[in-house]
Amino acid sequence: MTAAAAAAATAIAAIATTLPTRSESKTDTERENGKESRTKRYGMVIDVRRCIGCHACTVACKSEFDVPLGVNRAWVEYVEKGVYPNVGRSFLPRLCNHCSVPPCVTVCPTNATYKRPQDGIVVVDSGLCIGCKYCIQACPYDARFLNPVTGFADKCDFCIHRVSKGLVPSCVNTCVGGARIFGDLGDPNSNISKLIANNQVTVLRREMGTFPNVYYIGADHTDELDAKRPEVRKVQVVTHRRHEERR
Amino acid sequence: MGEELTWGMPVILYLFLAGVGAGAVTVSSSVLLRGGGGDFGGRHFKLARYGALIGPFPVMLGTFLIIFELGRPFRMFNLFKVVNLSPMNIGSWLLMIFITASFLYTLTFLPTFISQWKNLSQRLAPLRTVLAWINVPLGIGVAVYTGVMLGAMPARPLWNSPILALLFLVSALSTGIAMIILVQTLFHKKGADTEAERHFHQSAYLLTSSDAMLIGLELMVIFLFLMFAHLTIGNVKYAVSIILPGGDMAMMFWVWVVAIGLLIPAIIELIFVVPKLVYHRDYSAPRSVEIVVSIAVLVGGFMLRYIIVHAGQVTGPMGL
């Protein structure tokens, strides 16, 4: 009986200590950032007009993180539509959208995935992740995967190790056409903010209400469903991933 | 359909087994507490005992399956480091308390083998009642949370329906009852004791009539689920078309879930229930019928989880 009571007390104490430490660490980092700079809100613009579909970003990302075979943190989709002679082909570089309202964070049962308050990057804490795959289900962009080597949820983290040192993410660094523009959406004078203000931009699956922070200029949102339209007739989406269908 | 699912067979089996177990415990506890009013509860003690002795074990087996589905079983303790509003987190806490409470409840029904403790069962009666009161809300909670967990994601439009949790709850109660009927019938020895025989048939009547009612409710919930999904425009309509006539999984859904799992068992149950209900004739269904009907309900319950979990993952939002 006493053993059970002691176990219960430890459990309660564990819960009680876990909750405040979390918020403490949050205020710590906020204070730290307050000294250096204000809070950032990182985002990306993908100018599809400049994309040549060369997969340099996919490869750079693969080598940056040693991403295992068959899964991708970043990838490029090819969309072909129409019937000869009226055909079109476009590219769609993809990555985690680092949503302002991330559904993956809402469903995470262990708080392993969270949106960093200091820069808005959605990260996975592999120390807490249990590999339940709930976040993989919840992501409307299929940006998450279960890392076959570690067994934890994994995804793009905007190259947090580079970004925190003032560099741009690896995919942005390598992009041959300059199609990927990275920056702080919270700063109205940043290149990325100006681009968004001056151009027609779209986001993916806007109706999901996730408020993505990855914007597209000139993206073709054609999906395989559009093949039902008489003016399109044929659509082929090549995801270049092991998972051949878009979800 | 041959593609890999993010949540595969272990999760589907867990959803089914957790439903059966939670349903059996909820039914057993409610019968013990009320059992239809008056001294009904006392007369149905045997029935409550069957439910209690079955209850926690499917839930434990299902939990075991999903813990090992994680790949690193010991990681599951991370769930209990925090309390947040994720349905899976709330569900894990519920499940932990439910397994403990229902297992204790089961223990109070065990026979005593030590002669000095002959009155143990009677002495444990108050504890049993308290545990039954705890187990009713917990069992309903466990059954409901499985549906809430699937329903929490706009990225999975087929699941993203408030009525899915209700569907899972009704199905859990119905399959729980079917499990009790099955075990009770299998273990029942036809004795010369007419009184005992009469009690057995009374319990079977209570269970079968409740099951028929729950199946009716389940059909209504499925109707509303499909109807409202079909009448809306966009993601949900697009997703639900997979189980509506013409969809890839329509045949499976209508044959296995609706026909074999619900309609046929309901009709057979009504054939035996109505004479007692309307003409006050004695209820006595043949052993083979009880077994076939309860197995059909269990198969239907499993196929419901299988099809919903599968269809939810192969459909997504339309467009990009």
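The chains referred to below are lettered A, B, ... by the order of the sequence lines, with proteins before strands, and numbering in each begins at 1.
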**Complete:** Heavy-atom closest pair (A/N111 atom, B/N84 atom, distance to 0.1 Å) is OD1-ND2, 2.5 Å
**Request:** Write down the atom of A/Q137, the atom of B/T6, and the distance for their closest heavy-atom approach.
**Result:** NE2-CB, 3.7 Å
**Prompt:** How long is the span from the OG1 atom in A/T110 to the CZ atom in B/F80, to the nearest 0.5 Å?
**Reply:** 11.5 Å
**Asked** Nearest 0.5 Å, what's the SG-CD1 distance between A/C132 and B/I67?
**Response** 12.5 Å
**Asked** Side chain, backbone, both or neither: which part of A/E224 has a non-hydrogen atom closer than 4.5 Å to chain B?
**Response** neither
**Asked** Where is the tightest heavy-atom contact between A/C108 and B/S86, given as atom of each residue plus distance?
**Response** O-CB, 3.4 Å
**Complete:** chain B shares the most heavy-atom pairs under 4.5 Å, among A/Y141, A/F145, A/F152, with A/F152
**Message:** How about CD on A/E231, more than 12 heavy atoms from neighbouring residues, nucleotides or ligands closer than 6.0 Å, or not?
**Reply:** yes
**Message:** Please check if the number of heavy atoms outside B/M251 that lie under 6.0 Å from its CE is greater than 12.
**Reply:** no
**Message:** Only heavy atoms, only distances under 4.5 angstrom. Which residues in residues 151-160 of chain B are near chain A?
**Reply:** B/A152, B/M153, B/P154, B/A155, B/R156, B/W159
**Residue A/R246 versus chain B: region with a heavy atom under 4.5 Å** = side chain
**Side chains of A/V107 and B/M149 in contact at under 4.5 Å (non-hydrogen atoms)** = no
**Prompt:** Where on B/Y238 is there a heavy atom nearer than 4.5 Å to chain A: the side chain, the backbone, both, or neither?
**Reply:** side chain
**Item:** Contact origin within A/R242 toward chain B - heavy atom pairs under 4.5 Å
**Value:** neither
**Asked** Should we count CZ of B/F103 as having more than 12 external heavy atoms under 6.0 Å?
**Response** no
**Complete:** Contacts of A/E80 meeting side-chain hydrogen bond (donor to acceptor under 3.5 Å, both in side chains) (sequence neighbours excluded), chain-then-number -> A/R89
**By ring pair (Phe, Tyr, Trp, His ring centres under 6.0 Å) - contacts of A/W75 (at least two apart)** = none
**Asked** Are the side chain of B/R72 and the backbone of A/G131 linked by a donor-acceptor contact shorter than 3.5 Å?
**Response** no
**Prompt:** More than 12 foreign heavy atoms under 6.0 Å from CG of B/L231: is that the case here?
**Reply:** yes
**Item:** Residue pair B/N235, A/M208: steps toward the side chain to side chain contact (heavy atoms under 4.5 Å, CB included) verdict
**Value:** CA-CA 10 Å; B/N235 296 338; A/M208 285 283 129; 3.3 Å; yes
**Message:** So for atom OH, which belongs to A/Y78, do other residues, nucleotides or ligands contribute more than 12 heavy atoms lying within a distance under 6.0 Å?
**Reply:** yes
**Asked** So with a 6.0 Å cut-off around CZ of B/F228, is the heavy-atom count from everything else above 12?
**Response** no
**Exercise: identify the closest heavy-atom pair between A/I130 and B/L70** = O-CD2, 3.4 Å
**Request:** For the residue pair A/L92 and B/L320, establish whether any side-chain heavy-atom pair is separated by less than 4.5 Å.
**Result:** yes
**Fill in**
Answer key: most heavy-atom pairs under 4.5 Å with chain B among A/T202, A/L225, A/L204 is A/L225
**Message:** So which atom in A/G127 and which in B/R75 form the shortest heavy-atom distance, rounded to 0.1 Å?
**Reply:** O-NH1, 3.0 Å
**Message:** Can you confirm whether B/H230 is buried at NE2, in the sense that more than 12 heavy atoms of other residues, nucleotides or ligands lie under 6.0 Å from that atom?
**Reply:** no
**Message:** Suppose we screen for ring pair (Phe, Tyr, Trp, His ring centres under 6.0 Å). Which residues come up paired with A/F158, at least two apart in sequence or across chains?
**Reply:** A/H98, A/F182
